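Written below as structure tokens is the structure these notes are about.
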Amino acid sequence: MTELTIRRNIENDLAPLARLLADPDAMTLVNPNAKQPFDPVEWQEKWLGEMHDEDFYLVDADGTEVGFFALRVGIGPEVRHLTYVFVAEEMRGGTGHLLASWIEQAARDLGALTITLKCETDNAPAMRIYEAAGYEVLSEKNGMATMRRDLD
């Protein structure tokens with residue numbers, strides 16, 4: 001596997017995300033409520049526009065963005081809610097466990113004590129990654145699992 005790192009999207013640059021989500025199926029996986037094709041204004045104003053939200057890119061050794069995730073403020077500043085997780089298809093198969101640890105570190109760096117998320121229950125690879133990383137299922141409703149992990 002190629003060397004990967006994450007970088008915080010402090011410039012609010014959504015061009016890499018637009019490239020990652022150019023395929024309508026990818027967009028639907030990440031955010032079924034977003035307009036097609038990718039609209040950076042909509043994403044900035046509606047999906048990633050909260051003042052204390054932070055988003056991150058997964059970057060390969062060449063500096064190309066190959067993944068994305070956002071950490072929204074949850075119930076209070078000590079909780080971060082993971083949203084919009086995406087990894088390019090060619091990078092899947094082993095990247096998820098690494099990404100889970102980076103998500104936890106990013107949340108800790110933002111002062112979080114807990115991470116919450118929602119995952120489609122039929123997304124077996126994602127469910128396995130989150131459960132292996134220590135997330136517990138709090139509830140399941142309408143094909144979605146609400147999960148939580150308290151950080152040490």
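All of these numbers come straight from a predicted model, not from anything done at the bench.
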I want to check something: taking the side chain as every heavy atom from C-beta on, are Leu48 and Leu14 in contact at a cut-off of under 4.5 Å? yes
Only residue of Arg80, Arg8, Arg72 satisfying salt bridge (Lys or Arg N to Asp or Glu O under 4.0 Å) with Glu54 is Arg8
Around atom CD of Glu90, are there more than 12 heavy atoms from other residues, nucleotides or ligands closer than 6.0 Å? yes
More than 12 foreign heavy atoms under 6.0 Å from CG of Leu138: is that the case here? yes
Would you say Leu82 and Met147 make side-chain contact, with heavy atoms under 4.5 Å? no
4.5 Å side-chain heavy-atom contact, Leu151 and Ile115: yes
Distance check, rounded to the nearest 0.5 Å: Leu71 atom CG versus His52 atom NE2? 14.5 Å
Could you give the distance from CG (Leu117) to OG1 (Thr146), rounded to the nearest 0.5 Å? 8.5 Å
Note, Arg148 side chain near Asp150 side chain (heavy atom, < 4.5 Å): yes
For the pair Gln36 (side chain) and Pro24 (backbone), establish whether a donor and an acceptor sit closer than 3.5 Å, ignoring hydrogens and angles. yes
Looking at residues at least two apart in the chain, or sitting in another chain, which of them share a side-chain contact (heavy atoms from CB on, under 4.5 Å) with Pro125? Asn123, Arg128
Is there side-chain contact between Val79 and Thr114, with at least one heavy-atom pair below 4.5 Å? yes
Going by heavy atoms in the side chains, are Glu65 and Arg7 under 4.5 Å from each other? yes
Could you check whether any side-chain heavy atom of Leu20 comes within less than 4.5 Å of a side-chain heavy atom of Phe38, counting everything from C-beta outward? no
Is Val66 reachable from Val85 through a run of hydrophobic residues whose side-chain heavy atoms are each under 4.5 Å from the next? yes
Nearest 0.5 angstrom please: Phe56 CZ to Phe68 CZ, how far? 9.5 Å
Please report the shortest heavy-atom distance between Asp60 and Leu4, naming the atom on each side. CA-CD2, 3.7 Å
Hey, what do you get for CG (Asp23) to OG1 (Thr28), rounding to the nearest 0.5 Å? 8.5 Å
Between Glu140 and Thr121 (side chain of the first, backbone of the second, donor and acceptor by atom type, cut-off under 3.5 Å), is there such a pair? no
Classify the ring geometry between Tyr84 and Trp47 as parallel (under 30°), tilted (30 to 60°) or perpendicular (over 60°). perpendicular
Main-chain N/O of Leu17 paired with Tyr57 side-chain donor or acceptor, under 3.5 Å: yes
Sequence neighbours left out, cut at 3.5 Å: what donor-acceptor pairs do the side chains of residues 97-113 make with other protein atoms?
from, atom 1, to, atom 2, distance (Å)
Ser101, OG, Leu98, O, 2.7
Glu104, OE1, Arg149, NH2, 3.3
Glu104, OE2, Arg149, NE, 3.0
Gln105, NE2, Asp109, OD1, 2.8

Between Asp62 and Thr64 (side chain of the first, backbone of the second, donor and acceptor by atom type, cut-off under 3.5 Å), is there such a pair? no
Here the pair of heavy atoms bringing Ala34 nearest to Glu42 is CA-OE2, 3.7 Å
Are Ile129 and Phe86 connected in a single hydrophobic cluster, I mean Ile/Leu/Val/Met/Phe/Trp/Tyr linked by side-chain heavy atoms less than 4.5 Å apart? no
